[in-house]
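The block underneath contains the structure these notes are about, expressed in structure tokens.
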Amino acid sequence: MRIFDTLSVAEKNVDTTNSVRIYLCGVTVYDESHIGHARTIIVFDTLRRYLESKGVKVNLVQNFTDVDDKIINRAIKENTSADIISTRYIKNYFNDFDKLNVKRADLYPKATEHIADMISLISGLIDKGFAYVSKNGVYFAVLKFKEYGKLSKKKTDELISGARVEVDETKKDPLDFALWKFSEDSPTWDSPWGKGRPGWHIECSAMSLKYLGSDFEIHGGGRDLIFPHHENEIAQSESFSGVNFAKIWMHVGMVTINGEKMSKSLGNTKSIDHVLKTWGPNIVRLFCLSGHYTKPIDYSEEILKETIIKWRQVENCYFEMILSDDSKATEDLDQIKDIMQESKTEFDNALDSDFNTPLALSAFFKLVKYINQLASSEKITRKISDMVFPTFQAMSSILGLQIVQVTEDEKNQISNLIKQRNELRSQKKFQEADEIRKQISDMNITLIDHKTKTLWMKQEKIGIEN
RNA sequence: GGUGAGGUGGCAGAGUGGCUAUGCGUUCGCCUGCAAAGCGAAUCUAUAGGGGUUCAAAUCCCUUCCUCACCUCCA
């Protein structure tokens, strides 16, 4: 599998001989998550599912930033503690992402639980001459790290001339960034240099080094983290360890709305709670995977509505398969097998080639469409379904799609009602038949009358349609 | 201003030299008691503008215009 590496500006092979270690920069827990966060996390969830489907062991670590000025400000505003705020939004995070069918990472380290690791990393950097103590805190001396700017392709002299660097007289150089900030206001921790709290960047260096080592396979996050966050992580980590940090830097494009980046500061976000209520998890996942992960995708009702139609086709395909029977239709198993395998090969090849999910989706939909074609011409049989179903399931599962499940009781109840209805239809008692259809539709079941049988499917309820 | 990524049919979105994906939409049709869903056919023959290289370019080179992101916290 090849993935585009931001650092070398080229596709690189992911080494899957041992386990694939992935560090994903998670969220700062001071507010609800939005669909921008969801995209990045769904991309990595799908990547992880794909690798695991190939039998590759994945070790995914995703942090929570639970010490930060934004959290503290929110706590002050609500007259409560930072701890209560971060706990609340971590809970909120899991609630959202469980609903989005995102598999839990192997580990969710929190910054506040790794203060000691950060302190020892900072000490190491001071000892090696890369960091110094000043009046306001401990700073990383950017110019000591010769390769600074290699990820974001920025030159240090141009950065200095940029006027927006924080003015702080106590720093030796305006580019230097804080590893530890002195503070008397809670929350604070003791350190060899004085009471305070860690800078943002050091937490990811400390936690990734601790759990994944100094040269793990993939470090990921949103594109907006390239500078300064990931640039600074590289400076810290490589200065400390003396070896190259992550092998591949994988960055996910932004979700835009009306062509503009979705962000808290612009106030144009769509919360996960909102999109789940409006579109549901499957539509959101399909949407997030509908463009190549390196490019921006635009959130618009028009596109999301289009996605509903695609999702209905998947549902249709699923129910056609699970409810197929031994009709006498002629089968050409070999041809069907070829089409099925072709679709899966295309799917895998697309993902192997820089995780091209839109191309993979088109391969998946080729199979879906083909099955629906067979079904439409009443050519689908139990044998065909049994053959195709595992491949369909494999792809759905990699994409993290979940079709509404039905119980045996429901199945029996529905097939009884359908029998009654068809009886009435054959007697041309259409009004009564329609009443039964209404009854069935109240159970969220859609009927499809084929020539020789009536198919039913339990469709996901999509908020916007009601 | 600097750096990076882009500009593909009505829309979304693949495609790094030749075979011009895929999906949605639109029109007509099949199926149906009606519907819904599904399916079929047709439609669109697109590659920001201008040059160039080549037998051949969306794909390579030059140039103009435009968009977005980052340069401050951000997924």
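Letters A, B, ... are given to chains in the order of the sequence lines, protein chains preceding strands, and every chain is numbered from 1. All values reported here derive from a predicted model rather than from experimental measurement.
By the neighbour-count criterion of 12 heavy atoms within 6.0 Å, atom CD of A:Gln427 is densely surrounded, having more than that number from other residues, nucleotides or ligands. Atom NZ of A:Lys144 has 12 or fewer heavy atoms from other residues, nucleotides or ligands within 6.0 Å. Enclosure of atom NZ in A:Lys91 is not indicated, since only 12 or fewer non-hydrogen atoms of other residues, nucleotides or ligands lie within 6.0 angstrom.
Between the P atom of B:C73 and the NE2 atom of A:His201 lies a distance of 6 Å, rounded to the nearest Å. Atom-to-atom, CH2 of A:Trp311 to C1' of B:C24 comes out at 18 Å; the value is rounded to the nearest Å. With rounding to whole Å, A:Tyr23 atom OH is found 13 Å from B:A75 atom P. Rounding to whole angstrom units, CZ of residue A:Phe287 and P of B:C24 are separated by 18 Å. Across the protein-nucleic acid pair, A:Leu374 atom CG and B:C30 atom P stand 22 Å apart, rounded to whole Å. The CG-P distance, from A:Asn232 to B:C71, rounds to 12 Å in whole Å. A straight line from CG of A:Leu175 to C1' of B:C71 spans 11 Å, rounded to a whole angstrom. Across the protein-nucleic acid pair, A:Gln459 atom CD and B:A37 atom C1' stand 7 Å apart, rounded to whole Å.
Applying the ring pair (Phe, Tyr, Trp, His ring centres under 6.0 Å) rule to pairs touching residues 249-276 of chain A yields A:His219-A:Trp249, A:His230-A:Trp249, A:His230-A:His251, A:Phe245-A:Trp249, sequence neighbours excluded. A salt bridge (Lys or Arg N to Asp or Glu O under 4.0 Å) check over residues 265-289 of chain A, counting only residues at least two apart or in different chains, returns the pairs A:Asp45-A:Arg285, A:Asp273-A:Lys277. Residue pairs satisfying the salt bridge (Lys or Arg N to Asp or Glu O under 4.0 Å) criterion with at least one member in residues 287-301 of chain A, sequence neighbours excluded, are listed as follows: A:Glu301-A:Lys305. Residue pairs meeting the salt bridge (Lys or Arg N to Asp or Glu O under 4.0 Å) criterion with at least one partner in residues 433-444 of chain A, sequence neighbours excluded, are A:Asp434-A:Arg437, A:Lys438-A:Asp442. Within the structure, every pair that satisfies the salt bridge (Lys or Arg N to Asp or Glu O under 4.0 Å) test and touches residues 452-466 of chain A, not counting sequence neighbours, is listed here: A:Arg312-A:Glu465, A:Glu410-A:Lys458.
The base of B:A35 sits within donor-acceptor range of the side chain of A:Asp449, with an N or O pair under 3.5 Å. A donor N or O paired with an acceptor N or O is not found under 3.5 Å between the base of B:C31 and the side-chain atoms of A:Lys451.
Using C1' as the reference atom, B:U67 and B:U54 are 31 Å apart when rounded to the nearest Å. Nucleotides B:U16 and B:C60 have their C1' atoms positioned 9 Å apart, rounded to a whole Å. Across B:A37 and B:C71, the matching P atoms stand 46 Å from one another, rounded to whole Å. Taking atom C1' in both B:U26 and B:A12, the straight-line distance is 16 Å, to the nearest Å. The gap from the P atom of B:G9 to that of B:A5 amounts to 22 Å, rounded to the nearest Å. Separation of the P atoms belonging to B:A46 and B:A57 is 14 Å when rounded to the nearest angstrom. Nucleotides B:G51 and B:C65 are separated by 15 Å at their C1' atoms, to the nearest Å. Here the separation of B:U8 from B:C68, taken at their P atoms, is 14 Å to the nearest Å.
Remark: A:Phe44 CZ to A:Ile42 CD1 distance equals 13.0 Å, nearest 0.5 Å.
Remark: B:G17 base-pairs with no nucleotide in the shown strands. Criterion, Watson-Crick or G-U wobble with two distances under 3.5 Å. The base-pairing partner of B:G23, taking Watson-Crick or G-U wobble contacts with both distances under 3.5 Å, is B:C11. Applying the Watson-Crick and G-U wobble criteria (two distances, each under 3.5 Å), B:C39 pairs with B:G29. Across every strand in view, B:A5 sits in a pair with B:U67 that passes the Watson-Crick or G-U test at under 3.5 angstrom.
If you check every strand for non-hydrogen atoms under 4.0 Å, A:Arg421 touches a base. Within 4.0 Å of A:Val27, counting heavy atoms only, lie sugar-phosphate atoms of the nucleic acid but no base atom. A:Leu455 comes within contact range of no nucleotide atom at all, as no heavy-atom separation falls under 4.0 Å. Nucleic acid contact for A:Arg425: base, since at least one base atom lies under 4.0 Å from a heavy atom of the residue. Residue-level contact check: A:Gly253 touches the bases, meaning some heavy atom is under 4.0 Å from a base atom.
For A:Lys110, the side-chain contact (heavy atoms from CB on, under 4.5 Å) partners two or more places apart in sequence, or in a different chain, are A:Phe64, A:Asp66, A:Ile90, A:Thr112, A:Glu113. For A:Glu346, the side-chain contact (heavy atoms from CB on, under 4.5 Å) partners two or more places apart in sequence, or in a different chain, are A:Ala363, A:Lys366. Considering only residues two or more places apart in sequence or on other chains, A:Glu302 meets the salt bridge (Lys or Arg N to Asp or Glu O under 4.0 Å) condition with none of them.
Relative to the six-membered ring of A:Phe97, A:Arg104 misses at least one condition, a distance below 6.0 Å or an angle of at most 45° to the axis.
By the 4.5 Å heavy-atom criterion applied to side chains, A:Ser324 and A:Thr381 are not counted as neighbours. Within the 4.5 Å cutoff, the side chain of A:Cys204 has heavy atoms near those of the A:Cys25 side chain. A:Phe364 places none of its side-chain heavy atoms less than 4.5 Å from the side chain of A:Ser343.
With RNA chain B read from its 5' end, the first of the two nearest nucleotides for A:Glu11 and A:Thr256 is the one closest to A:Glu11.
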(request) Give the B/S/- string for nucleotides 38-46 of chain B, one per nucleotide from 5' to 3', where a protein heavy atom under 4.0 Å of the base yields B, of only the sugar-phosphate yields S, and otherwise -. (result) BSS------

(message) Does the protein touch nucleotides 2-14 of chain B at the base, only the backbone, or not at all? Give it as B, S and - per nucleotide, heavy atoms under 4.0 Å.
(response) BS-------SSSS

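Residues of residues 428-438 of chain A having a heavy atom closer than 4.0 Å to RNA chain B, listed by number: A:Phe430, A:Asp434, A:Arg437. Sorted by residue number, the members of residues 261-273 of chain A with any non-hydrogen atom under 4.0 Å from RNA chain B read A:Lys261, A:Met262.
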